[in-house]
Amino acid sequence: MALANENYLKIPESRFSDEIEKRVNAFKVLHPTTKLIRLGIGDVTRPLPEEAVSAIHKAAEEMLHPETFKGYGPLQGYDFLIDKILKTYRSSGIILDKESIFVNHGAKPDIGNIGHILGRDNIIAIAEPVYPVYENAAIMSGRGGEINDEEKWSNIVYLHCSKENNFVPELPDERVDIIYLCNPNNPTGTVINKTELKKWVDYALENQSIIIYDGAYHAYINEPDIPHSIYEIKGAKKVALEIRSYSKTAGFTGLRCGYTVFPKELMVYTRTGEEIPLLKLWYRRNLNYSNGVSYVVQRAAEALYSRKGRIEIQELIGYYLENAKFIREELSELGWEVFGGVNSPYVWFKTPRNQPSWKFFHELLYNYNIIGMPGIIFGKSGDGYMRFSGFCSYEDTEEAMKRIKSNY
Ligand SMILES: *Cc1c(COP(=O)(O)O)cnc(C)c1O
């Protein structure tokens, strides 16, 4: 009898966004011609930068000829891309070794797979509300421990974020081993500044913990005191790995490419206290579970670092940030309590009249024909909130705000 990995059955269904589609489909059956605006989406909508597409054409052509054809590539990524990544870090004063960079298929697989190289009995700290993958991956890999009546796991320490702490996670009272930080945060769009982030790095140094730093939205940061990389903080190389992606930065959500930094100084420990470079374990893991990222896709990523590529990226991000700012201003004018939308494409807001997320989701859907992202999807402390994003077209964003403002 083939046994299932029952850890996969332990995630509450309510945490999945397919619940949204079920409810939207029910609406569509009754209102087949209504134009719905998806203002909650976490996916980009603008096409790829031209530079990336012409690099794809060129690389595809190379694959056609025996002299330039490429088979398996280097495990950690091609030098042409890794050099660009290192150079970009260097330009902000961060010196990393070539061996520390692992080009990947986007951030999500690494976020989930990092569990392969970490012990089972770690206490994991996760901010809430946050990107659900951190907690779900911990549960599915059997690291959650025991679940209680409140759907909380014994090996997970939940760092409750609320409007009282401006949705910035605070240090836990108890000792934790693995800390997930998402900065700028999804879904709240809020940011951890340098002073706050330093507290986490110092905590990790003191407790021999590690920080898994998700920088998927780093390119959206435009205020001065917000760190673009955790390595801007002294000592961070010893305690943090940093995950980045071209998805939200350059429209690569469908193309799939990113990278993770494992500094050689970053250590984990055996039960007897022996230091092991985490990089070594990740290398071994990749040796057996990966054959690298497509040459063509890595060429597309490389092209983003050209002069024209950089300008195109700035335009893309500017477009989404402009939308986010617009949403932020319009909702604020209605007197709603709004967070994020400055260093992030996400705008997070308290539902009017303190409604639970799903109730307000229906109000938006049925009264305004707008699909928002219910805050509760990101954890219980997200209930009573809603996420909008700047990822729609400007026209749809404007139309959506008009619909809401005309009636509120
Ligand atoms: C979108 C997103 C990712 C995943 O990005 P991919 O590189 O497309 O896998 C990771 N982390 C956060 C917080 C995200 O919002």
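Every number for a ligand or one of its atoms is a count from 1 in the order of the listing. Keep in mind that this is a model prediction, so the values were computed, not measured.
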Tyr158: which of Lys380, Glu150, Lys152, Glu135 passes side-chain hydrogen bond (donor to acceptor under 3.5 Å, both in side chains):
Glu135
More than 12 heavy atoms of other residues, nucleotides or ligands under 6.0 Å from NZ of Lys98: yes or no?
no
Please identify each residue that fulfils salt bridge (charged side-chain N to carboxylate O under 4.0 Å, His left out) with Arg120, with sequence neighbours left out.
none
Could you check whether the rings of Trp348 and Phe378 sit parallel, tilted or perpendicular, using 30° and 60° as the cut-offs?
perpendicular
For the ring pair Phe27 and Tyr366, is the centre-to-centre distance below 6.0 Å?
yes
Short N or O separations between ligand 1 and the protein, below 3.5 Å:
| residue | atom | partner | partner atom | Å |
| --- | --- | --- | --- | --- |
| ligand 1 | 7 (O) | Ala107 | N | 2.6 |
| ligand 1 | 7 (O) | Ser245 | OG | 2.6 |
| ligand 1 | 7 (O) | Ser247 | OG | 3.2 |
| ligand 1 | 8 (O) | Ser247 | OG | 2.5 |
| ligand 1 | 8 (O) | Arg256 | NH1 | 2.8 |
| ligand 1 | 8 (O) | Arg256 | NH2 | 3.4 |
| ligand 1 | 9 (O) | Ala107 | N | 3.2 |
| ligand 1 | 9 (O) | Lys108 | N | 2.9 |
| ligand 1 | 9 (O) | Arg256 | NH2 | 2.8 |
| ligand 1 | 11 (N) | Asp214 | OD1 | 3.4 |
| ligand 1 | 11 (N) | Asp214 | OD2 | 2.7 |
| ligand 1 | 15 (O) | Asn186 | ND2 | 2.8 |
| ligand 1 | 15 (O) | Tyr217 | OH | 2.5 |
| ligand 1 | 15 (O) | Lys248 | NZ | 3.3 |

Apply the ring pair (Phe, Tyr, Trp, His ring centres under 6.0 Å) test between Tyr346 and each candidate in Tyr320, Phe339, Phe388, Tyr217; give the one that qualifies.
Tyr217
